[in-house]
Number of protein chains: 2
Amino acid sequence: MAGLVSIPRPSLERLPVYYRVLLQCRDAGMQYVSSKELGKRAGFDNAQVRKDLNHIWSGGRPGLGYEIDKLAACLADFLGLCNATDAVLVGAGRLGTALAGYPGFAGYGLNIVAVFDADPAKIGGTLCASPILPATKLANLIERLGIRMGIITVPAQSAQAIADTMIAAGVRAIWNFAPICLQVPENVLVRNEDLAAGLATLSYYLKEKGPVSDSAKGESVVGQSDTQAFHG
Amino acid sequence: MAGLVSIPRPSLERLPVYYRVLLQCRDAGMQYVSSKELGKRAGFDNAQVRKDLNHIWSGGRPGLGYEIDKLAACLADFLGLCNATDAVLVGAGRLGTALAGYPGFAGYGLNIVAVFDADPAKIGGTLCASPILPATKLANLIERLGIRMGIITVPAQSAQAIADTMIAAGVRAIWNFAPICLQVPENVLVRNEDLAAGLATLSYYLKEKGPVSDSAKGESVVGQSDTQAFHG
DNA sequence: TAGATTGTTAATCGATTAACAATC
DNA sequence: TAGATTGTTAATCGATTAACAATC
């Protein structure tokens with residue numbers, strides 16, 4: 001199943017934001033939402049909202065808007081949030097700990113089946129209900145359970161080796177929090193979550209603004225970009 | 001100082017990646033690097049590298065490439081990484097803890113001066129050398145120290161109120177990890193680091209790929225995008 | 001010199017925005 | 001019905017890619 005619908009990346013990045021807003025609207029007791037309202041809450045233009053949604057659903061009703069329940073279900077299905085995705089996490093440091101216990105992932109179908117670390121002192125313990133295993137067992141477990149997603153929260157210098165091991169064992173998508181650009185084969189997807197890089201763009205903005213005023217200028221740092229919304 | 005150079009957002013997002021690669025090259029003993037090599041390591045096209053760099057520096061030498069030391073210094077200056085930026089962090093949970101102690105920020109001039117939390121049990125303690133203060137003192141401290149950057153790692157339902165307090169007290173840039181789209185005035189910059197949203201795009205990719213093969217198709221999820229590099 | 005690589009212009013590509021007839 | 005809002009097309013805008021003379 002799951003139509004092999006093609007969608008531009010910028011649109012794809014906005015879909016989860018719409019999804020979240022829809023859940024909020026539903027919690028607020030709303031039944032329908034217009035592209036205008038949805039756009040306002042998500043931070044995007046209303047025409048863009050309609051265009052994005054039309055990539056996956058054309059069930060909006062003129063004059064009324066979108067039925068929240070149906071659209072949310074449609075988005076969840078499209079994004080693959082319904083059936084849980086098993087994943088392994090490597091690196092039981094502070095960031096790994098935070099991710100393993102992040103409540104926000106629950107609704108997104110992420111299931112961390114095991115956590116790995118190279119530190120003997122950590123092995124044998126548990127991290128938010130996941131056992132901490134030695135990194136030497138990583139490949140074996142991925143193969144045995146057919147895991148296709150890996151999360152990397154190790155220091156930069158270990159990241160490439162971990163990625164290589166994951167890929168050789170069958171992982172197809174890597175969520176990388178190590179500050180390094182991983183080299184991977186064509187058929188493996190890497191999403192770099194480079195926190196320091198994000199920080200740098202904020203620093204740039206503050207520097208440009210200068211220590212005092214907020215006068216004119218600054219257009220260069222204004223705009224929308226994927227999951228990150230900027231208001232300058 | 002600090003030229004008010006305008007630069008497209010996609011270029012701005014790539015600059016920190018170049019910067020990081022340059023440091024790695026320097027550590028490896030290199031003195032010059034070509035746009036081709038830099039692009040390969042950063043995951044971008046060589047023409048794009050030249051175009052991006054020319055927004056901030058035209059010191060490349062035909063036949064040789066870019067002098068690493070000079071280019072790195074130029075990037076650090078442009079991004080505002082040289083002079084430390086004071087920031088407050090609100091939310092001493094797991095994610096807040098991870099960020100407060102993240103070693104990767106050291107070289108990016110981030111200085112977390114205080115951590116805030118609403119939980120009385122946490123107040124009075126310290127988090128990675130920063131004192132944990134009650135949220136009621138947030139506004140006062142921001143004003144007293146002239147803080148301009150705030151980091152939000154509280155649950156979604158508290159995030160908007162914290163943001164409002166920060167902004168009223170003088171914060172101009174917010175790094176938001178709460179899964180919600182903050183409503184802020186025009187002159188305040190928000191960078192949403194929506195981890196669950198990022199996860200959703202990976203889930204989509206795995207779903208599209210199907211549980212088995214990696215045959216054809218999948219172009220829809222391939223491409224480069226800001227700090228996130230995808231290889232599909 | 002010959003080979004390599006830059007800075008920059010032109011061509012291509014794709015995404016956003018505007019507009020509006022169709023429809024609830 | 002009148003007002004609101006959709007889906008979609010056309011127009012605008014901006015970013016990426018290709019190409020190449022200039023230059024080390």
Side-chain angles (χ1 to χ4, degrees), chain A residues 5-15 17-18 22 25 30-68 70-71 74 219-231, chain B residues 5-15 17-18 22 25 30-68 70-71 74 219-231:
Chain A
V5 187
S6 170
I7 185 173
R9 169 152 296 279
S11 293
L12 175 60
E13 298 277 339
R14 284 187 292 265
L15 295 185
V17 183
Y18 298 140
L22 285 173
C25 289
M30 295 167 62
Q31 195 173 357
Y32 286 88
V33 68
S34 67
S35 59
K36 192 177 163 194
E37 176 67 19
L38 190 45
K40 191 183 149 208
R41 295 188 185 221
F44 305 118
D45 183 76
N46 68 84
Q48 190 158 69
V49 172
R50 291 198 298 280
K51 202 135 219 236
D52 288 339
L53 295 183
N54 277 313
H55 282 119
I56 62 161
W57 197 48
S58 296
R61 297 173 63 183
L64 264 179
Y66 300 86
E67 192 175 341
I68 290 174
K70 284 194 178 149
L71 180 54
C74 195
E219 280 80 283
S220 62
V221 288
V222 181
Q224 300 287 358
S225 148
D226 300 24
T227 39
Q228 289 107 24
F230 284 80
H231 308 104
Chain B
V5 186
S6 170
I7 186 173
R9 169 153 297 280
S11 294
L12 175 60
E13 297 277 340
R14 286 188 290 266
L15 295 184
V17 183
Y18 298 139
L22 285 173
C25 289
M30 295 166 62
Q31 195 173 357
Y32 285 88
V33 67
S34 68
S35 59
K36 192 177 162 194
E37 176 68 19
L38 189 47
K40 191 183 149 210
R41 296 189 184 221
F44 305 117
D45 183 76
N46 69 83
Q48 190 159 69
V49 172
R50 292 199 298 279
K51 203 140 219 230
D52 288 339
L53 295 182
N54 275 315
H55 283 119
I56 63 161
W57 196 49
S58 298
R61 297 174 63 182
L64 263 178
Y66 300 86
E67 193 176 340
I68 290 174
K70 283 193 179 151
L71 180 54
C74 195
E219 280 78 284
S220 63
V221 286
V222 180
Q224 300 286 0
S225 149
D226 301 27
T227 38
Q228 291 105 24
F230 284 79
H231 308 103

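Hydrogens, waters and symmetry mates play no part in the numbers below; they use all other heavy atoms, side chains included. Convention: sequence-line order gives letters A, B, ...; per-chain numbering from 1. Worth saying up front: this structure is predicted, and the values here are computed from it rather than measured.
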Looking for any heavy atom pair under 4.0 Å, which part of the strands does [X] touch: base, sugar-phosphate only, or nothing?
X	result
A:S11	nothing
B:D45	sugar-phosphate
B:K51	base
B:R61	sugar-phosphate

Specify the separation, in whole Å, of atom [atom1] of [X] and atom [atom2] of [N].
X	N	atom1	atom2	answer
B:L12	D:dG14	CG	P	16 Å
B:Q31	D:dC24	CD	C1'	15 Å
B:L64	C:dG7	CG	P	12 Å
A:D52	D:dT6	CG	C1'	15 Å
A:Y32	C:dT23	OH	P	18 Å
A:I56	D:dG7	CD1	C1'	14 Å
A:K36	C:dA19	NZ	C1'	16 Å
A:N54	D:dT9	CG	C1'	12 Å

Side-chain contact test, heavy atoms from C-beta onward, threshold under 4.5 Å: evaluate it for [X] versus [Y] and give yes or no.
X	Y	answer
A:Y66	A:R61	no
A:E37	A:R41	yes
A:L15	A:I7	yes
B:V49	B:Y18	yes
B:Q48	B:S11	no

Apply side chain to side chain contact (heavy atoms under 4.5 Å, CB included) to A:Y32 and A:I68, showing your working.
-> CA-CA 5 Å; A:Y32 286 88; A:I68 290 174; 5.6 Å; no

Toward the 5' end of DNA chain C, which comes first, A:R50 or B:A47, by nearest nucleotide?
-> B:A47

Do the side-chain N or O atoms of [X] get closer than 4.0 angstrom to the phosphate oxygens (OP1, OP2) of [N]?
X	N	value
A:R14	C:dA15	no
A:S35	D:dT6	yes
A:Y66	C:dC24	no

Find out whether the Lys NZ or Arg CZ of B:R14 is both under 6.0 angstrom from the six-membered ring centre of B:F44 and within 45° of the ring's axis.
-> yes

Fill in the dot-bracket string of DNA chain D, one character per base: . for unpaired, | for a pair to another strand, ( ) or [ ] for pairs within the strand, taking Watson-Crick or G-U pairs under 3.5 Å.
-> ..||||||||||||||||||||||

Can you tell which of C:dT6, C:dT17, D:dT6 lies closest to the side chain of A:Q48?
-> C:dT17

Of all the nucleotides listed (D:dT16, D:dA22, D:dT5), which has the minimum atom distance to the side chain of B:P10?
-> D:dT16

Between the side chains of A:R50 and A:N46, does any donor sit under 3.5 Å from an acceptor?
-> yes

